[in-house]
Amino acid sequence: MQDNPSIQFDDQRLAKRHQLAQAGVPMYPHEFRRSHTIGAIRTEFCDAGHDPLPEQVMTAGRLYGVRDHGKTFFADLRDETGRIQLYIRKDALPEGKFQTFKSSIERGDIIGVTGRVFRTKVGEISVFVDDLVLLTKTLCSLPEKFHGLTNLEKRYRQRYLDLIVNEESRETFRTRSRIISLLRNFLSGQGFLEFETPTLQPLYGGANARPFTTFHNFLGQRLYLRIAPELYLKRLVVGGFEKVFEVAKNFRNEDIDTSHNPEFSMVEIYQAYADYNDMMKLTESLISSIVKEVTGSDKLAFEENTISYDTPFQVMSMEDAVRTIGGVDIFTHDPDTLRQIGKEKGVDGVDNVHTQREMLVLFFEALVEDKLVQPTFITDFPVENSPLAKSHREKEGFVERFELFIAGMELANGFSELNDPLDQVQRFEAQEEKRRLGDEEAQMHDYDFVNALGYGMPPTGGVGIGIDRLVMLITGNTSIKEVILFPSMKREITSATEDEDSPSA
RNA sequence: GGGUCUGUAGCUUAGUCGGUAGAGCGGCGGACUCUUAAUCCGCAGGCCAGGGGUUCGAGUCCCUUCAGGCCCGCCA
């Protein structure tokens with residue numbers, strides 16, 4: 001049976017399965033109608049006494065601890081709503097059931113029980129089992145009951161197993177789901193419409209990143225997995241939808257680390273007749289309301305810090321941030337002096353740039369970013385780095401753009417959207433020039449998009465918020481892999497894949 | 001890409017100076033009708049991540065491959 005080393009069924013469990021089959025016990029019945037979930041039993045019968053209540057309940061779940069006392073068993077049964085103890089007595093079960101249970105049903109199996117609720121003499125609410133039925137025989141044995149599964153690689157690769165045994169992990173993903181649903185409610189409540197735009201795109205745009213490339217056989221054409229939904233969502237604003245958003249999976253062909261996964265989730269939001277100030281207001285109210293709703297507090301611990309999500313968040317221009325936090329007043333120095341200062345302060349890349357504005361960005365990244373622990377909007381970026389943002393209404397050479405930093409992480413990025421089609425053409429051309437010079441992450445010239453702008457997009461504010469990082473902050477996880485159910489992992493080479501042509505098949 | 005640490009039974013792990021690979025949980029057999037990391041007695045279970053080397057002898061030392069963690073670089 002175990003010829004294929006990729007299959008990790010447990011021989012001892014296979015033997016039990018065989019026993020059950022011989023005895024004609026159904027191992028994978030089609031349904032089981034519960035009268036109560038475990039959580040419902042706990043609420044409804046919380047004041048049960050030592051004598052079993054008259055009412056019979058039917059409930060189901062996975063068996064965790066099984067404590068064998070000879071002619072009785074105590075066992076822990078768990079479903080999504082909670083855990084409850086079963087009290088199983090030989091003399092209470094139908095003829096033969098006890099023996100079947102004892103010999104062939106074990107920890108990890110999924111069973112349904114019929115019984116009556118009571119409280120044990122040490123005070124634990126339990127189900128006095130009158131009958132039980134096997135609902136799913138498991139063939140893989142569960143990790144140890146006390147230490148559980150701690151091996152990170154295994155937790156990520158076999159997330160289902162992590163979820164079975166690690167309540168904290170289950171709680172993290174429950175919270176993640178809740179955050180996304182609150183996000184949708186928040187935006188819908190303000191009149192935003194949710195749309196879905198292409199994931200497979202003939203051109204990629206909306207961010208600076210290397211894409212994944214694929215090929216459509218029928219079209220005979222190369223396609224890219226989107227790096228951002230931005231350019232499509234703005235087409236919707238051109239089309240007359242004034243408040244739109246998309247909860248989008250983005251794909252970026254870049255390295256993997258504790259804050260980057262090749263595919264990640266982002267919500268992008270666009271609002272007509274709004275500017276970047278409005279989008280900052282929207283962003284902070286969205287984030288702080290989700291934090292409060294999920295945790296019941298506006299202060300959260302993250303790493304060694306306590307982060308306050310009280311609004312308003314701090315706002316600082318990039319120039320001010322570099323001056324007050326980085327200690328360098330960029331525009332009082334010429335580029336050569338800045339290069340000198342940069343080298344002294346360990347700022348990378350100063351040899352490759354020549355303007356004060358470019359220096360500003362480098363100084364910001366090196367000296368300021370990771371010091372922004374409390375929620376802080378950094379505003380007004382140099383035009384060179386922001387081909388889709390509108391020029392600043394007051395500061396020459398800058399755009400109306402902001403990024404939100406929390407705990408040193410970039411959490412959101414938004415701007416007053418560029419809607420002047422000619423300006424957009426020039427920005428794309430500048431990007432094309434960068435591409436020609438070998439910048440693989442410069443943006444592609446999207447002619448259909450500029451034509452869309454040619455039909456007129458109202459003044460619009462937009463923002464993208466990283467959902468994975470938001471979940472990290474709210475759940476207190478410092479690795480993005482802890483908040484992505486199935487994080488990208490390198491393929492394992494098993495002996496099965498090496499021995500494709502062995503006679504095992 | 002660089003550095004560093006890790007990989008031993010299904011899981012959690014011990015393994016000293018290089019000398020027969022040890023435990024707990026889980027499993028199996030036995031005892032036990034209010035336990036909860038149940039308890040007690042007994043048993044089985046290991047290609048020490050893979051490959052190569054040094055050695056009389058390697059889980060242990062060396063080289064290398066694979067996978068993962070962390071830090072740095074790269075990257076919105």
Side-chain angles (χ1 to χ4, degrees), chain A residues 5 8-16 19 50 52 64-76 83-92 98 102-104 106-108 118-126 128 138-158 161 164-166 206-210 227-228 250 252-262 264 266 346 348-349 361 364-365 369 378 381 385-386 401 403-405 409-414 439-441 464 466 469 478-479 481-482 487 489-495 497-498:
Chain A
Q8 293 164 358
F9 297 157
D10 190 281
D11 288 332
Q12 293 166 322
R13 284 182 181 250
L14 285 167
K16 292 193 179 188
Q19 272 174 40
H50 187 59
Y64 283 78
V66 178
R67 299 179 285 283
D68 180 354
H69 286 250
K71 295 187 182 60
T72 67
F73 278 81
F74 288 93
D76 297 323
R83 183 203 79 94
I84 199 162
Q85 176 169 265
L86 303 179
Y87 180 52
I88 300 163
R89 290 170 62 111
K90 184 175 187 184
D91 60 9
F98 187 81
K102 186 164 181 156
S103 62
S104 311
E106 60 202 315
R107 194 159 169 274
F118 77 112
R119 192 177 292 275
T120 62
K121 76 176 183 195
V122 292
E124 176 157 354
I125 291 286
S126 306
F128 189 107
T138 59
L139 298 182
C140 299
S141 38
L142 253 41
E144 195 214 2
K145 63 186 171 190
F146 188 56
H147 297 93
L149 179 68
T150 60
N151 182 297
L152 285 179
E153 183 177 350
K154 193 151 190 147
R155 286 185 49 231
Y156 300 150
R157 286 191 195 276
Q158 294 179 259
L161 189 54
I164 287 173
V165 298
N166 291 321
N208 298 73
R210 287 159 62 186
I227 57 172
N250 294 335
R252 300 187 184 174
N253 208 336
E254 288 160 2
D255 288 1
I256 296 175
D257 63 30
T258 45
S259 54
H260 296 82
N261 195 64
F264 65 101
M266 168 168 285
D348 289 325
V361 174
F364 174 76
E365 287 170 352
E369 243 181 58
I378 296 297
F381 288 56
N385 304 55
S386 313
R401 175 178 180 184
E403 286 187 351
L404 172 63
F405 288 88
M409 281 193 292
E410 179 197 335
L411 212 77
N413 178 18
D439 183 349
E440 288 183 89
E441 292 171 359
R469 291 179 182 177
T478 53
S479 167
K481 286 192 170 76
E482 292 289 350
M489 303 285 276
K490 197 155 182 177
R491 186 175 72 99
E492 280 180 301
I493 305 205
T494 67
S495 41
T497 50
E498 282 173 336

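Letters go in sequence order (proteins before strands), and every chain restarts at 1. Because the structure is predicted, anything quoted here is derived from the model rather than measured.
Going from the C1' atom of B/A31 to that of B/G69 covers 46 Å, rounded to whole Å. The same atom, P, is picked in B/G52 and in B/G10; the two are 23 Å apart, to the nearest Å. Only the C1' atoms considered, B/U13 is 28 Å distant from B/G30, to the nearest whole Å. As rounded to the nearest Å, B/U8 and B/G29 have P atoms that lie 29 Å from one another. Atom name C1', nucleotides B/A37 and B/C75: the rounded distance is 46 Å, in whole Å. Only the C1' atoms considered, B/U36 is 45 Å distant from B/C17, to the nearest whole Å. B/A58 and B/A21 have their P atoms separated by 11 Å, with the value rounded to a whole Å. Across B/U16 and B/U6, the matching P atoms stand 13 Å from one another, rounded to whole Å.
Across B/C74, B/G10, B/C75, the shortest atom-to-atom separation from the side chain of A/Asp10 is found for B/G10. Distances were taken from every side-chain heavy atom of A/His260 (C-beta onward) to each of B/C75, B/G26, B/G10; the shortest belongs to B/C75.
The residue A/Gly148 sits close only to the backbone: its heavy atoms come under 4.0 Å of sugar-phosphate atoms, none of a base. Residue A/Glu410 is in base contact, counting any heavy-atom pair closer than 4.0 Å across all strands shown. Note on A/Glu441: only backbone sugar-phosphate atoms sit closer than 4.0 angstrom, heavy atoms only; bases stay farther off.
Remark: P of B/G68 and CG of A/Leu149 are 16 Å apart, rounded to the nearest angstrom. Straight-line distance from the CZ atom of A/Arg155 to the P atom of B/U12: 11 Å, rounded to whole Å. B/G68 atom C1' lies 12 Å from atom CD1 of A/Ile256, rounded to whole Å. Taking atom CZ of residue A/Arg210 and atom P of nucleotide B/C75, one finds them 10 Å apart after rounding to whole Å. Atom C1' of nucleotide B/G45 and atom CG of A/Leu14 are separated by 16 Å, given to the nearest angstrom. Rounded to an integer number of Å, the gap from A/Asp11 CG to B/G46 P is 10 Å. Protein atom CG of A/Asp257 is 14 Å distant from nucleotide atom P of B/G68, rounded to whole Å. Rounding to whole angstrom units, CZ of residue A/Arg13 and P of B/A44 are separated by 22 Å.
Side-chain atoms of A/Asp255 come within donor-acceptor range of the base of B/G73, with a qualifying N/O pair under 3.5 Å.
Here B/C48 sits opposite no nucleotide as a Watson-Crick or G-U wobble pair (both hydrogen-bonding atom distances under 3.5 Å). With both pairing distances under 3.5 Å, B/U16 is matched to nothing as a Watson-Crick or G-U wobble pair. Base-pair partner of B/G1: B/C72 (Watson-Crick or G-U wobble, both distances under 3.5 Å). Pair assignment for B/G24: B/C11, on the basis of Watson-Crick or G-U wobble contacts that are both within less than 3.5 Å. Look at B/U39: its Watson-Crick or wobble partner, with both distances under 3.5 angstrom, is B/A31.
Between A/Lys71 and A/Asp91, the closest side-chain pair of non-hydrogen atoms is not below 4.5 Å. Residues A/Arg67 and A/Asp76 form a side-chain contact, since some pair of their non-hydrogen atoms from C-beta on lies under 4.5 Å apart. Residues A/Phe73 and A/Lys102 meet the side-chain proximity criterion, which asks for heavy atoms closer than 4.5 Å.
Across all their heavy atoms, A/Glu410 and A/Arg469 have their closest contact at O-NH1, 2.9 Å. Scanning all heavy atoms of the two residues, the minimum distance from A/Thr120 to A/Ser126 falls at CG2-OG, 3.3 Å. Across all their heavy atoms, A/Thr138 and A/Gly108 have their closest contact at CG2-O, 2.9 Å.
The nearest heavy atom of RNA chain B to A/Gly349 and to A/Leu152 marks one nucleotide each, and the one closer to the 5' end goes with A/Leu152.
Taking A/Glu369 as the reference, nothing meets the side chain to side chain donor-acceptor pair (under 3.5 Å) condition, with sequence neighbours excluded. Among residues two or more places apart in sequence or in another chain, the side-chain contact (heavy atoms from CB on, under 4.5 Å) test is passed with A/Ile256 by A/Pro262, A/Lys481, A/Ser488.
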**Q.** Protein proximity profile, nucleotides 32-37 of chain B - base contact B, sugar-phosphate-only contact S, no contact -, cut-off 4.0 Å on heavy atoms
**A.** BBBBBB
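Distances shorter than 4.0 Å separate some side-chain N or O of A/Lys481 from OP1 or OP2 on B/G69. An OP1 or OP2 oxygen of B/G68 is reached within less than 4.0 angstrom by a side-chain nitrogen or oxygen of A/Arg157. Within the 4.0 Å cut-off from OP1 or OP2 of B/G68, not a single side-chain nitrogen or oxygen of A/Lys490 is found.
Classification of the A/Phe118-A/Tyr87 ring pair by plane angle, with boundaries at 30° and 60°, yields tilted.
For B/C17, the base is syn relative to its sugar; the glycosidic angle is within 90° of 0.
Residues A/Arg252 and A/Glu441 are not paired through a salt bridge, judged by the lack of any N-O separation under 4.0 Å between the basic side chain and the carboxylate.
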